[in-house]
Amino acid sequence: MDLKERLEEFLRREYEAKLYELAKEGGTSLVIDFSVLDRFDPLLADELLEQPSETLEAFQEALKNIDLPEYSKIAIRIRNLPKRKEVRIRSLRSRHIGKLLCVEGVVKSASEVMPQIYDIIYKCPDCGALIEVKQDGTLIKKPNFCECGRRTNFDVEEEKKMDVRWLRISEPFEIAEGEKPGEIAVFLKDDLTTTDMQRRTDPGNRLKIVGIIKELPKRIKGKKTTKMNLMLEANYVEPSEKEFEDIKISEEDVKKIKSMANDPLIFEKLTQSIAPAIYGYDEIKQAIILQMFGGVEHRLPDKTKVRGNIHILITGDPGVAKSQLLKLVADIMPRGKYASGKGVTGAGLTATVRKDEELGGWVLEAGALVLANKGLMSIDEFDKMNKDDQIAMHEAMSLETISIAKASITATLPARTAILAAANPSFGRFDPMMSIIEQIKIPETLMSRFDLKFALRDIPDKERDEEIANHILKSRTDLTVATPVIPTDLLRKYIAYAKKNYTDIELTEEAANRLKNFYVDMRNKYTGEEAGVVSITLRQYEALIRLAEASAKLRLDKKVRLEDAERAIKLMSYSLRQLGYEEETGVIDIDRIESGVTTSQRSKIGAILAIIEELEKEEEQVSVEDIKAEAETRGIKDADSLIEKLKKEGIIFEPKYGYVKRL
Ligand code: ADP
Ligand code: MG
């Protein structure tokens, strides 16, 4: 019995009903489970692995013999290859050429869907013979000769076209840790390019692809060379859902994790396990622990989504271990990545569209944030990222997607990533008297998307300096100082386990009330006389809930309790105080954190303007000295800096040295 007959028998026995159903519904592909074929006939299954092109073609022939109600073009797709056929991209070699394999990777870039000619039927003008020439290269191929002897100038009778798309996939980074991840081009055609498939194969998606390894001539300036690259012609594509793949959690691990979760000091122990070599920063480390576990994503009935990921910003003087901390966290966190806002090239942090010589045409390329989907992204020098990234970051940080529309490509890519950012003050050092927004070049709109913000100041302090110096010395000589309380291996498993199994966490009434009251109190505390001071906004309220959820999650509890609410409130107050506490009025002033001018400053600016207006009634130009004297009598001591501000904002100007005038 030949191959075709055998395959026909297989199709009739195992998939006949399915085929009729497909034909009736206008389906385009039949997905065959490899293990079913293997059970039917192991030799046939081997044939498919070793000679996939021929076998798949024979499948098509066999299909023609099955009397389907209406002839429809049904592609045969193979899924569930045996484990030994799952090959890492970096292990692909020339001996794999022509074989059927399964490869897993994250889509880094993708071309547009383009029509391509795959077959041309020529007609000989002399004898009228039809000659079919398969088009498998870039340049159009013509017949060499006709049976009648003619060699040139054949007419084109028919061009057969299909839709194609090129992807470039790279190894998922937990596999390629520390090494440069392997990459391979993937070729999709026909119904693997439908709009639905297009969305699923956009950059950022993680795929498992069954296909045939082929060679792709390397092109240099558009010319073919003798060098070859490997490519994968896809036969079947499915999303790979494994989230924390490399983290194998045994039953014994689960037991250990559960008993750790019952320890009343678990939060402290987890906190001490982050960067023990870095001295101090307890609150920041606590915040980072909560960030690693994350809150819970909420989908409201009207389909709006509230993110569960917690974003943290650390600002501060140079040399206070910001970068060090960011790198360590990216290492500990499963699917964690580190990038610098200044250093990223190519697709940048978010996504980009560019011309690709090799794939041909425009390609959409995923940046670091998209590739870290469902993980944690440490972004150093956050204030130095480029404009495009900064714009895209707004969407990424609240909606957790990145939309791009450039050239002919429009797409929305996933970016469900927690962000731990660090920024330096633009004037080199942090000035505690100025609001952070004035000192860091991050727009207010972006700033407010961080759940917690910290400022690290490097103020000489004999006692503390000595302690840090000792700590650094000790951690170099006595290794136990820098050893985390919970080994990093176990910590990673703990986080992966909690994230996977605790996706629905509820607020208890007690906790909900505590959070709500804190929020309402803060907002209403300073109305009336202090009207205009908005202490806290809804963004902070949502952040509080996320932090409390994370706190419950790390205890492996599905309920947010009072202690979780208290923990969230404590961190939030700390963060607000650090950056926005107003010494003069004792009010936490969100306006100062996020817009740069404090409310009391605003009223003082108003007072200065009033003074200038009054004095202007007496003379054309008002001397700065007079303004300062008058301000003193009204209790305003920093008139100088307020006058500077007014000048900077173009409200007054200096017609001659030492004098000002209103515009
Ligand atoms: P930044 O990014 O804030 O400018 P770095 O992360 O480059 O600073 O830190 C500079 C160096 O100082 C690092 O080697 C870091 O380990 C050390 N360092 C600074 N503060 C501390 C601290 N509190 N504990 C231990 N090491 C510290
Ligand atoms: Mg740094």
Side-chain angles (χ1 to χ4, degrees), residues 268 270-289 291-292 311-333 336-345 348-349 368-369 372 376-386 389-390 393 418-432 434 436-437 439-442 446-447 450 452-485 488 571 574-575 578-579:
E268 286 71 19
L270 286 167
T271 308
Q272 284 161 22
S273 304
I274 293 189
I278 294 175
Y279 177 87
Y281 304 150
D282 291 347
E283 289 82 4
I284 293 181
K285 289 181 182 178
Q286 286 171 10
I288 289 172
I289 274 292
Q291 180 185 40
M292 284 176 156
H311 304 318
I312 298 175
L313 174 67
I314 304 172
T315 64
D317 293 330
V320 293
K322 296 186 298 296
S323 301
Q324 193 85 343
L325 200 57
L326 257 61
K327 279 183 195 143
L328 283 168
V329 172
D331 275 350
I332 299 172
M333 180 71 182
K337 261 203 153 178
Y338 172 91
S340 166
K342 196 167 55 179
V344 282
T345 51
L349 286 171
L369 206 57
L376 181 147
M377 181 86 213
S378 282
I379 307 177
D380 210 347
E381 320 251 359
F382 191 78
D383 48 323
K384 302 209 177 51
M385 67 185 159
N386 69 44
D389 275 344
Q390 201 173 70
M393 198 59 78
I419 292 172
L420 174 61
N424 287 310
S426 43
F427 309 121
R429 291 188 74 78
F430 194 79
D431 178 350
M434 266 208 269
I436 52 170
I437 202 80
Q439 304 182 62
I440 293 153
K441 281 180 276 172
I442 300 174
L446 207 46
M447 204 73 165
F450 286 100
L452 293 174
K453 305 166 208 135
F454 297 95
L456 299 178
R457 282 186 253 154
D458 184 24
I459 303 164
D461 171 342
K462 196 153 173 273
E463 222 168 282
R464 190 181 139 83
D465 291 345
E466 236 179 77
E467 276 170 29
I468 297 183
N470 278 337
H471 185 81
I472 292 177
L473 268 184
K474 256 200 271 166
S475 62
R476 302 232 167 120
T477 48
D478 174 3
L479 287 180
T480 58
V481 173
T483 309
V485 180
T488 304
L571 274 174
Y574 180 85
S575 154
Q578 253 205 330
L579 299 181

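Indexing begins at 1, ligand by ligand and atom by atom, following the structure's order. One is the number of the first residue; the rest follow in order along the sequence.
Side-chain contact between Asn424 and Lys322: present, with at least one pair of heavy atoms (C-beta onward) separated by less than 4.5 Å. Between Ile419 and Leu369, the closest side-chain pair of non-hydrogen atoms falls below 4.5 Å. No side-chain heavy atom of Leu452 sits less than 4.5 Å from a side-chain heavy atom of Glu283.
Of all atoms in ligand 1, listed by their number and element, those nearer than 4.0 Å to a heavy atom of Gln324 are 6 (O), 16 (O). Atoms of ligand 1 lying under 4.0 Å from any heavy atom of Pro318, numbered from 1 in the order shown and given with element: 4 (O).
There is no protein heavy atom closer than 4.0 angstrom to atom 17 (C) of ligand 1. Within a 4.0 Å radius of atom 22 (C) of ligand 1, the protein has at least one heavy atom.
Considering backbone and side-chain N/O of Ile472, none are found under 3.5 Å from N/O of ligand 1. Ligand 1 has an N or O atom lying under 3.5 Å from an N or O atom of Tyr279, backbone or side chain.
In this pair, Phe450 and Phe382 present their aromatic rings perpendicular. The plane angle is above 60°, beyond the 30 to 60° band.
When non-hydrogen atoms are compared, ligand 1 lies under 4.0 Å from neither the backbone nor the side chain of Asn424.
Of the candidates Ser475, Ala321, Ala423, Ala321 brings a heavy atom nearest to atom 8 (O) of ligand 1. Among Gly319, Ala422, Ser323, Ala277, the residue whose heavy atom sits closest to atom 19 (C) of ligand 1 is Gly319.
Between Ile284 and Leu456, the shortest heavy-atom distance links the atoms CD1-CD2, 3.4 Å.
None of the N, O or S atoms belonging to Asn424 lies under 2.8 Å away from the Mg ion (ligand 2).
Considering CE of Met447 and CG of Leu313, their distance stands at 5.5 Å, rounded to 0.5 Å. To the nearest 0.5 Å, atoms CD1 (Ile442) and OG1 (Thr315) are separated by 8.0 Å.
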